[in-house]
Amino acid sequence: MQSLTRRKLIVRGSAVGLSALSYANVAQAASDRGLPRIGFIGCGGRSKSLLQGFAGEATVTWACDPDQQHAAAFQKLSGAKHVTDDLRRILDDRSIDAVVVATPDHWHAPASIMACDAGKHVYVEKPCSHNFREGRMLVHAARRNNVVVQHGTQSRTNPLVVRAINLLRDGVIGEVLVCKAWNIQRRRNIGHAKPSAPPAHIDYDTWVGPAEFLPFQSNRFHYDWHWWHNFGTGDIGNDGTHEIDIARWGLGVEGLPRKASGIGGKFYFDDDQQFPDTATCVFQWPGDRKPQSNKQLIFEMRIWSKNLPHNCDTGVEFYGTKGMLFVSKRGKLAIWDDTNQPIAIPTSNDDLTLPKNHQIDFLQAITESRRPAADITIGHDSCSLVHLANISVMVGRSLSIDPKEQTIHGDPEADAMLGRTYRGGGHWSVPHA
């Protein structure tokens with residue numbers, strides 16, 4: 001695994017809640033200490049939180065975004081010396097150790113694959129891919145280039161969630177056979193709009209990148225791109241990725257399930273959103289076909305409701321042979337025995353020595369030549385469920401999956417949707433196996 005050979009990385013935790021002025025001071029201190037240099041690809045909403053996670057432990061050298069206003073604001077906040085709308089300039093900079101990919105979904109895998117091939121370590125936001133085949137290509141790119149790729153599913157370094165998983169592994173509720181995760185919240189109506197000219201400060205052609213070219217439209221641009229097939233993965237891929245990842249982790253399954261089924265649609269919103277606002281998805285792994293080896297994961301999404309299970313918009317319930325465990329990244333953990341009586345939360349046998357945040361784990365993984373907590377293989381396995389769920393909902397039928405061949409069996413239409421159609425005439429960022 002590639003290490004930081006020019007500078008010794010010193011990890012001491014991170015600052016949080018920083019103002020622009022204080023972050024600039026911290027960034028200068030980091031530069032003075034010879035810490036790793038990173039470039040941000042995507043300077044929108046998520047970049048601010050990620051920046052705080054790196055504060056004092058890395059020097060932000062580049063800010064890259066096709067929106068000049070976003071790039072300028074991020075440069076001021078981070079103290080980055082260079083600004084560009086072309087990520088290739090960052091990848092050509094030999095002084096850059098790692099990149100943070102915080103773009104819209106359709107750029108996640110293409111940008112990350114290019115970064116891997118340039119020898120850069122990558123922190124990529126969730127979901128790591130716009131479609132299944134891109135995710136698989138990203139895993140291969142990370143391995144062939146021997147670089148660290150951390151997926152932005154931060155629960156993998158969340159002490160409460162890690163503790164819950166350890167309790168499940170200790171058998172606190174027996175053998176876990178089924179789990180149910182949810183994403184329930186009230187999203188906003190994006191309305192109806194028509195194509196128009198993009199704002200002058202936006203390089204829209206670069207923003208579209210490898211995706212099929214669609215004209216600019218106000219309600220499929222900043223943030224609202226989540227709800228369009230060409231650019232996003234819906235809220236199953238947006239917030240749902242976090243809960244699906246926790247659920248799969250606690251259930252103890254890896255790789256693709258044998259069966260995936262999703263039903264849903266637009267039950268509530270009258271707007272231009274293409275993805276469902278309501279979905280119920282089920283995945284099943286057969287194990288060795290013996291009793292208590294089958295595993296089932298259920299995911300529910302209602303992005304128009306304010307009635308929340310356990311008063312949590314996101315969470316997971318695990319059902320075992322000896323009880324039930326509930327955990328939410330919102331800070332809640334509870335356990336019931338098999339008579340539905342609450343029980344005290346025992347102390348896990350594992351000694352938790354976690355980094356202060358997900359970004360620090362990424363940096364430590366680089367210097368320690370190890371896989372990070374949310375290694376790209378883990379991220380890809382979880383995002384694969386997102387893609388299967390979206391495909392099942394869109395085609396309106398259950399999917400039979402061949403995990404070995406990584407195909408959808410007996411359904412050419414659904415199998416073709418494991419990939420995507422890229423821009424006509426090609427684009428320099430279209431990923432290749």
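All values below were derived from every heavy atom in this structure, side-chain atoms included, with hydrogens, water molecules and symmetry-related copies excluded.
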Residue pair [X] / [Y], side-chain heavy-atom distance below 4.5 Å:
X	Y	value
Gln68	Asp85	no
Gln359	Tyr123	yes
Tyr319	Val176	no
Val149	Val124	yes
Ser129	Leu138	no
His151	Asp375	no

Using a distance-only test with no angle check, is there a side-chain donor-acceptor pair under 3.5 angstrom linking [X] and [Y]?
X	Y	value
Gln150	Asp361	yes
Gln284	Arg258	no
Ser155	His358	no
Asn219	Asp272	yes
Trp304	Thr278	yes
Gln273	Asp271	yes

Nearest 0.5 Å, what's the [atom1]-[atom2] distance between [X] and [Y]?
X	Y	atom1	atom2	result
Cys383	Ile378	SG	CD1	11.5 Å
Arg37	Lys120	CZ	NZ	11.0 Å
Cys116	Met137	SG	CE	12.5 Å
Arg423	Thr421	CZ	OG1	14.0 Å

Enclosure of Lys266 NZ (heavy-atom neighbours >12, cutoff 6.0 Å):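 Counting neighbours around NZ of Lys266, more than 12 heavy atoms of other residues, nucleotides or ligands fall under 6.0 Å, so yes.
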
Only one of [options] clears side-chain hydrogen bond (donor to acceptor under 3.5 Å, both in side chains) with [X]; which?
X	options	answer
Lys126	Asn238, Thr233, Asp105	Asn238
His310	Lys332, Arg330, Glu317	Glu317
Thr377	Glu254, Arg371, Arg143	Arg143

[X] side chain to [Y] main-chain N or O, any donor-acceptor pair under 3.5 Å?
X	Y	result
Arg302	Ala279	no
Asp415	Ile408	yes
Asp402	Thr407	no
Thr241	Pro127	no
Arg397	Val395	yes
Asn189	Gly191	yes
Ser392	Gly262	yes
Asn357	Gly53	yes
Gln296	Val178	no
Asp67	Ile202	no

Indicate, with yes or no, if the rings of [X] and [Y] have centres closer together than 6.0 Å.
X	Y	value
Tyr422	Phe213	no
His229	Phe275	yes
His70	His222	yes

Test side chain to side chain contact (heavy atoms under 4.5 Å, CB included) applied to Ile41 and Val100, Asp65, Thr103, the passing residue: Thr103

Exercise: identify the closest heavy-atom pair between [X] and [Y]:
X	Y	answer
Cys281	Ile236	SG-CD1, 4.2 Å
Trp107	Gly209	CZ2-CA, 3.5 Å
Gly255	Asp381	N-OD2, 3.1 Å
Thr84	Asp86	OG1-N, 3.0 Å

Residues Arg187, Asp239: salt bridge by 4.0 Å N-O rule: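 Yes, charged N to carboxylate O under 4.0 Å.
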
salt_bridge(Lys306, Asp313) N-O dist < 4.0 Å: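 Judged by the 4.0 Å cut-off on N to carboxylate O distance, Lys306 and Asp313 do not form a salt bridge.
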
Would you kindly check if the NZ (Lys) or CZ (Arg) of [X] is within the cone defined by 45 degrees around the ring axis of [Y] and under 6.0 Å from the six-membered ring centre?
X	Y	result
Arg220	Trp225	no
Arg88	Trp428	yes
Arg156	Trp249	yes

Glu125 vs Leu50, side-chain contact (heavy atoms from CB on, under 4.5 Å): CA-CA, chis, key distance, verdict: CA-CA 9 Å; Glu125 266 297 277; Leu50 295 173; 3.9 Å; yes

Pair Lys356-Glu57, salt bridge (charged side-chain N to carboxylate O under 4.0 Å, His left out): steps then yes or no: CA-CA 12 Å; Lys356 287 190 175 181; Glu57 308 303 338; over 6 Å; no

Intermediate values then yes/no, side-chain contact (heavy atoms from CB on, under 4.5 Å), Trp182 and Glu243: CA-CA 7 Å; Trp182 61 88; Glu243 310 320 308; over 6 Å; no

Chi angles and distances behind the side-chain contact (heavy atoms from CB on, under 4.5 Å) call for Leu256, Phe132: CA-CA 11 Å; Leu256 296 177; Phe132 174 79; 3.9 Å; yes

Sequence-distant partners of Phe221, ring-ring contact (aromatic ring centres under 6.0 Å, His included), two or more places apart: Trp207, Phe216

Full working for side-chain contact (heavy atoms from CB on, under 4.5 Å) between Asn183 and Ile303: CA-CA 7 Å; Asn183 166 31; Ile303 56 173; 4.0 Å; yes

Phe231: which of His130, His226, His106, His108 passes ring pair (Phe, Tyr, Trp, His ring centres under 6.0 Å):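 For Phe231, the ring pair (Phe, Tyr, Trp, His ring centres under 6.0 Å) test succeeds with only one of His130, His226, His106, His108, which is His106.
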
